[in-house]
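Quick note on labels: first sequence line is chain A, next is B, and so on, each numbered from 1. For the numbers below, each heavy atom of this structure counts, side chains included, while hydrogens, waters and symmetry mates do not.
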Amino acid sequence: MNFAFTEEQEMVRDFVERFVREKYEPDMRRKIQAGEQGFSSEHWAMFAELGWLGLMFPEDDGGFGGGAIEAMVLFEAFGRGPVIEPYLATVILAGGILRRAASAAQKETFVPRIIEGKSQMALAFTEPNARYNLANVSTMATPANDGYAINGNKAVVLNGPAADTLVVSARTKGEQQDPDGITLFLVDAGSAGINRQNFPTQDGFRASEILFDNVLVDGGAIIGELHGGHPVLQATIDDAILATSAEAVGAMEMLNKATLEFTKTRKQFGVPIGKFQVLQHRMAEMFMEYEQTKSLLYRATMAVAAGEADASRTISALKVQVGRAGRKIGQEAIQIHGGMGMTEEMYVGNYFKRLTMINSLFGNADHHLRRFATTT
Amino acid sequence: MNFAFTEEQEMVRDFVERFVREKYEPDMRRKIQAGEQGFSSEHWAMFAELGWLGLMFPEDDGGFGGGAIEAMVLFEAFGRGPVIEPYLATVILAGGILRRAASAAQKETFVPRIIEGKSQMALAFTEPNARYNLANVSTMATPANDGYAINGNKAVVLNGPAADTLVVSARTKGEQQDPDGITLFLVDAGSAGINRQNFPTQDGFRASEILFDNVLVDGGAIIGELHGGHPVLQATIDDAILATSAEAVGAMEMLNKATLEFTKTRKQFGVPIGKFQVLQHRMAEMFMEYEQTKSLLYRATMAVAAGEADASRTISALKVQVGRAGRKIGQEAIQIHGGMGMTEEMYVGNYFKRLTMINSLFGNADHHLRRFATTT
Amino acid sequence: MDITFTAEEVEFQNEVRVFFENDYPQDILEKNRNRQTISAEDMVRSQKALHARGWIAPNWPAEFGGTGWSPSKRFIFETEMARAGAPRVVPFGLSMVGPIIYTFGNEAQKKRFLPGILESNDWWCQGFSEPGAGSDLASLSTKAERDGDHYIVSGQKTWTTLAQYADWIFCLVRTSSEEKKQQGISFILIDMKSPGITVNPIVTIDGGREVNDVNFHEVRVPVENLIGEEGVGWTYAKMLLTHERTGIAGVARSKDQLETIKAIASKTDNGFGEMMSEDDDFLRRLSLVEIELMALEFTELRTLAAVQTGKAPGPESSILKIKGTEIQQSITELFVDLAGNYANAYLPEYYVPGSNVDGVGPDWAADATSKYFNYRKTSIYGGSNEIQKNIIAKAVLGL
Amino acid sequence: MDITFTAEEVEFQNEVRVFFENDYPQDILEKNRNRQTISAEDMVRSQKALHARGWIAPNWPAEFGGTGWSPSKRFIFETEMARAGAPRVVPFGLSMVGPIIYTFGNEAQKKRFLPGILESNDWWCQGFSEPGAGSDLASLSTKAERDGDHYIVSGQKTWTTLAQYADWIFCLVRTSSEEKKQQGISFILIDMKSPGITVNPIVTIDGGREVNDVNFHEVRVPVENLIGEEGVGWTYAKMLLTHERTGIAGVARSKDQLETIKAIASKTDNGFGEMMSEDDDFLRRLSLVEIELMALEFTELRTLAAVQTGKAPGPESSILKIKGTEIQQSITELFVDLAGNYANAYLPEYYVPGSNVDGVGPDWAADATSKYFNYRKTSIYGGSNEIQKNIIAKAVLGL
């Protein structure tokens, strides 16, 4: 057992941290976020150039063979931005499905385009009434013309607006909540019958509600096994939880730092408010929650990296902690900043909003507490 | 709608409060508690003399026709003692069953004896594996010799050691958790086949584990309807929850008072610890929890007094609040007292222990939260 | 003690119901039911309708145009108004400066300002907070210097809610810097149309533009707009922080919101074949809020009853502020929880009548998260909840 | 980063298991499994067995007789020891005064005292708290006046755990009242057999008699028993409050307790036809504690790892104290919850070997509530959790 990063991991970390420190000052991010696209193509090209987009793919597929630990390093730094380029959607979610289950031919077509920054992708897996149940899929893929016709409604598809390619979960057999019978498809986002309704998210990303109205794909569009999409989806969502949890840890760090800084300079009743014992104890608690979250992040990440059998359970534990600590730290940061914290101008609101949304992604704290409690 | 007590109610309150203030100083209570019997026969005789033991019975049965509000007044004062005379067991629990369901003949025999202080009673309703489910009764009453034979095991019967008469719930038909088929019996505690194992409780009362080994009673021992004991039991337990909640409010008041007093006199780092803002805010929260509990106590009591249809649900709300606020106030009182609070010599421990046990009686906060959530 | 309504109270309840069903603008109720944004003009119409019935000022004494209701009646009115779905009354005139004026103002001021408040002809806003003085109000620095019959006011107020519609602002200003901080402060009323006032919106984290910076550049204010004595403004203002005010806890609104949540939960899938109204975790959360609220409702009634029997409205009312806002915030969290994945969507204009923003997900979810963000303010404004705890510790517990 | 054990670590784990299965007093494990009270004599036997194997001091440097283990090995050892069900080591000698002596003591003191601690021939107790000085240790008033080669010690220590068995006590005493409070304090070691010492048990709220008042009436203590310099005792003592100490968080014990709870829950009816291990509410509570503990386990490992890479054991270790004790307390609450109605029974002597108290309810439940009461102490002693938060605020956050 050891807690040290490798030299390569440290190099990546230093790089990403510098990028965030230097490129992600508030004004620049605001401008990017307000733009039509919602992220910076320049940054994206730079991600490609620096090899970050290939970090998570195996060397055989042209990547750098990174794993859970590399993702953690990357996303913890992203969380400090918070970075709004759609790395999660393209590389972790859609890319994760490809990495796990795509055929050699599919990989050859799609992975290099991701790595080179030429393709934006999205994973369309949630549905209006499915809430956090990954097996709850009513979108149907029925045989048609040597391929399949997809019909249904996918909800809050992250990076939907920019995606040129979608990975879609659809039911090929079984009842609505049956884990068995879900198949993953590669779908060109420009296909006939796709209707995207685009909107911004609360934390500055972009997403789409996507209607599939008899969208035709050929047999080669299937990723992995027919009916066998659920475990691939599950593993990929676990990766996404790890990544967003690392991001959350980065965001918590920034919130604690900003709050601490604020209380050292903001004076009330003649003294810096950091001198008030009540705020001191509350910030001590914020610090503890951050450290505890970081510990679980390490634990879950190392468990995944080592392929431990109960890694999924540890990931649920992490998601619970991220949800609860994120809520506490976020709310306290705003409260301690007072009126200032409520203004869009102060930057703390962005971390608070991102933390809030991370809780609601991929199953909130309640959902994962139940998953944790009922698995062993 | 009004919040005023009647003159009679105020008179009772003043009387009981004076009794507790004057008779219940710590040393006296300790002596009573350490005695064989665990309560004071003198006090009991006085309760009878002052009419308190008759307060809850209808005038037709020789009582004073008091209701939920009178019980609240009495028990809030008891909570300040905390009084350890077995009023709850004898008058509210066993007495409550008699008041609700006993025949005229049964009342004539038993009620005057309670009112005159000549009889101690107990309600044997919980069982080893039933936890907080009142309908979970495995003690069997089977027809025998023109009457019934009772077999089974009753758990943690409050006032079991002193009781001369027991009210026992036993199954006369149905499955183990069937609310229908439970019958209440009046049983002489000295009957053949009754085996009592006596023990003190954590909060200074006395209780018994009672084994019924073919205890024979005649048909006249049935209280109320055959198979119809459950609603009577339910209503009586609701009364007991009201009474112990009032007691809890009295105990919380005393804990808050003692803690406040302590922080005003105890000095650390050169100042009274009450000057530390962290403790000030925590005591403000203790005060708020007390006030909120008192509000729900009033609400539930008034709802019962008015016979409101959803009174039971309000009682569950109250029990949740009593459990949670009692835990918070109790733990904080000990913590703020520091090492001193941990000693038997300081009196705060007694209130803390009583509050803890009140939570575990008649269904704890979790149990009642579920009951509250699933009824409308 | 009696929880039931008297015959008179039942009759009154009926009167209130009839009023909202017949004599109140139905289009406003309709809008509110559909979660549409209520405009400033709607607000004024709503208040004028209440005034027409004589019910605009339940917390004012009858002699100044208040209702003179018992606590029970105030409770019934609040409950029925929330049930009917009427928007709440803008508090700055009726709940805040009005009581200050009838308590501390002179006869001329009462005559001049109270009718405009009661009739909702004047829209008021509050000028207390400053960029450099948050909870520490006493350190404010907006100056009012005497120049003949006028004060010349310069400085900046911030966090001023709905200043964009305001005709008048009541301000704490510094009329002297000689004495102890609190003692140089005065309470004055300023016409928002005065030259030298500029209002700049502050965008809040939910994207809203409810609050503003209000800048004063050498604004001339007649001396007759001073309330009470010069230098005693702090005392008047403190009344606002600790004084019991109807509805500060927002109990009736919160009850109504919980009913809405229950209705929504019974139509919202939990993803696992149950409705959210059957989901243990959600029910547990919801129930804890409901229990707190049931308690607070009686805490408020107990406070009102104590006031009626002659006890002064005390610092105990800080509980109403703290618990009331905590509950309001918890309710917004329940909505976010219910919204599930749709909590992510940011649709700021969705509920503005005539907007052409398409919704995604259920209709009620479009502002779930924005409201959660917005409601973080409730524990900050009106004397932050930390300040309220200080008040309890000092004034109630004597620490 | 690697969560898996190396081959060497796996082998070590095996060694530890074999040791507890074969070379450790099995009757003590048996007693502990049956929840029977472990006597002072058992404790000494247990520690001597650990010492015989060279494993009594995992937190001491090898040069003084410690194990020199890596954090992973210490983690493995703690885990296995808890799993085996061995009682914990009495901390006063091995975790507290030992490190003080080898860090600040002179050679003679090391020679004289360390072997007795390692061999468990000397039972130590702690004399810090005083009736008038709780968390504010620096205001202590027990006096040590110089009289030739001796100090004459008079005063009262309180809250002294297991003093009834102690051979020695380490004390903070005031050797001067001239300077600032902290500066007149010295750290001395006192033979408990010295004339003038009396020990009086304090009954705690759970009915226990673990802690004591220790009175000193003109007790003569040789000057050579002074640790380090006169007047610097405060500095030495502070190390105990902030220094990382193996097992301060009690993680391994808490894990073992959670396993026990799970086993019990799977055999305990919830009254409604399920086992408590299937009861949603109980599972939720249990899971929240387990998650906190999983996090704390890694917080401890991260701290140990940082220490090994040369970083000083910092005030961050206050987290271990706070979270560790909160978890221990939560665990006692889970037991109370599981016990249901039987939580009410008070059966203080039940687990004392040879006692003839009859149990009621399940065997494990007899001390559920007493333990809950008793464990309230954990957030008070060893530097109260409030003091620990002060330390984090000042030393970590720089406030």
Top contributor to chain B contacts, counting heavy-atom pairs under 4.5 Å, from C:R284, C:K323, C:E9: C:K323
If you draw a 6.0 Å radius around CZ in C:R88, do more than 12 non-hydrogen atoms from other residues or ligands fall strictly inside? no
Heavy-atom nearest pair, C:S287 first then B:L369, reads CB-CD1, 3.6 Å
Engaged part of B:M72 at the chain C interface, taking heavy atoms whose separation is under 4.5 Å: side chain
Sort B:A305 into side chain, backbone, both or neither according to what part of it lies under 4.5 angstrom from a heavy atom of chain C. neither
side-chain hydrogen bond (donor to acceptor under 3.5 Å, both in side chains) with C:K389: which of B:E285, B:Q277, B:H281? B:E285
Is C:F272 atom CZ crowded by more than 12 heavy atoms from other residues, nucleotides or ligands, each under 6.0 Å away? yes
Give a yes or no on this: more than 12 heavy atoms of other residues, nucleotides or ligands lie within 6.0 Å of atom CD of C:E11. no
B:E261 portion near chain C, given a 4.5 angstrom heavy-atom threshold: neither
Is it the backbone or the side chain of C:I76 that comes under 4.5 Å from a heavy atom of chain B, or both, or neither? neither
d(B:L296 CG, C:I291 CD1) to nearest 0.5 Å is 7.5 Å
If you look at every heavy atom in B:K264 and C:G398, which pair is closest and at what distance? CE-O, 3.5 Å
Measure from the side-chain N and O atoms of B:Q292 to the backbone N and O of C:T299, and report whether any donor-acceptor pair falls under 3.5 Å. no
Can you measure from CG (C:D280) to OG1 (B:T374) and round to the nearest 0.5 angstrom? 9.0 Å
Hey, which of B:R324, B:M302, B:R299 has the most heavy atom pairs under 4.5 Å with chain C? B:R299
What's the spacing between C:M1 CE and B:Q9 CD if we round to 0.5 Å? 8.0 Å
Can you give me the closest heavy-atom contact between C:T4 and B:A306, atom names plus distance? CG2-CB, 3.7 Å
Residue among C:L286, C:T6, C:I322 with most heavy-atom pairs under 4.5 Å to chain B: C:I322
All heavy atoms of B:A284 vs all of C:I392, minimum pair found to be CB-CG2, 3.8 Å
Using side-chain heavy atoms (C-beta onward) and a distance below 4.5 Å, is B:R313 in contact with C:E290? yes
Interchain contact, B:R282 with chain C, by part (heavy-atom threshold 4.5 Å): neither
Over 12 non-hydrogen atoms of neighbours within 6.0 angstrom of NZ in C:K262: yes
Within a 6.0 Å radius of atom CD on B:Q234, are there more than 12 heavy atoms belonging to other residues, nucleotides or ligands? yes
Considering only heavy atoms, which portion of B:T301 lies under 4.5 Å from any heavy atom of chain C: side chain, backbone, both, or neither? neither
To the nearest 0.5 Å, tell me how far B:M1 CE sits from C:D2 CG. 9.5 Å
C:R302 side chain vs B:E291 backbone, donor-acceptor pair below 3.5 Å: yes
CG on C:L397 to CG on B:L279, rounded to 0.5 Å: 12.0 Å
Could you tell me which portion of C:E278 (side chain, backbone, both or neither) has an atom closer than 4.5 angstrom to a non-hydrogen atom of chain B? neither
Straight-line distance of C:T303 OG1 to B:F3 CZ, nearest 0.5 Å: 9.5 Å
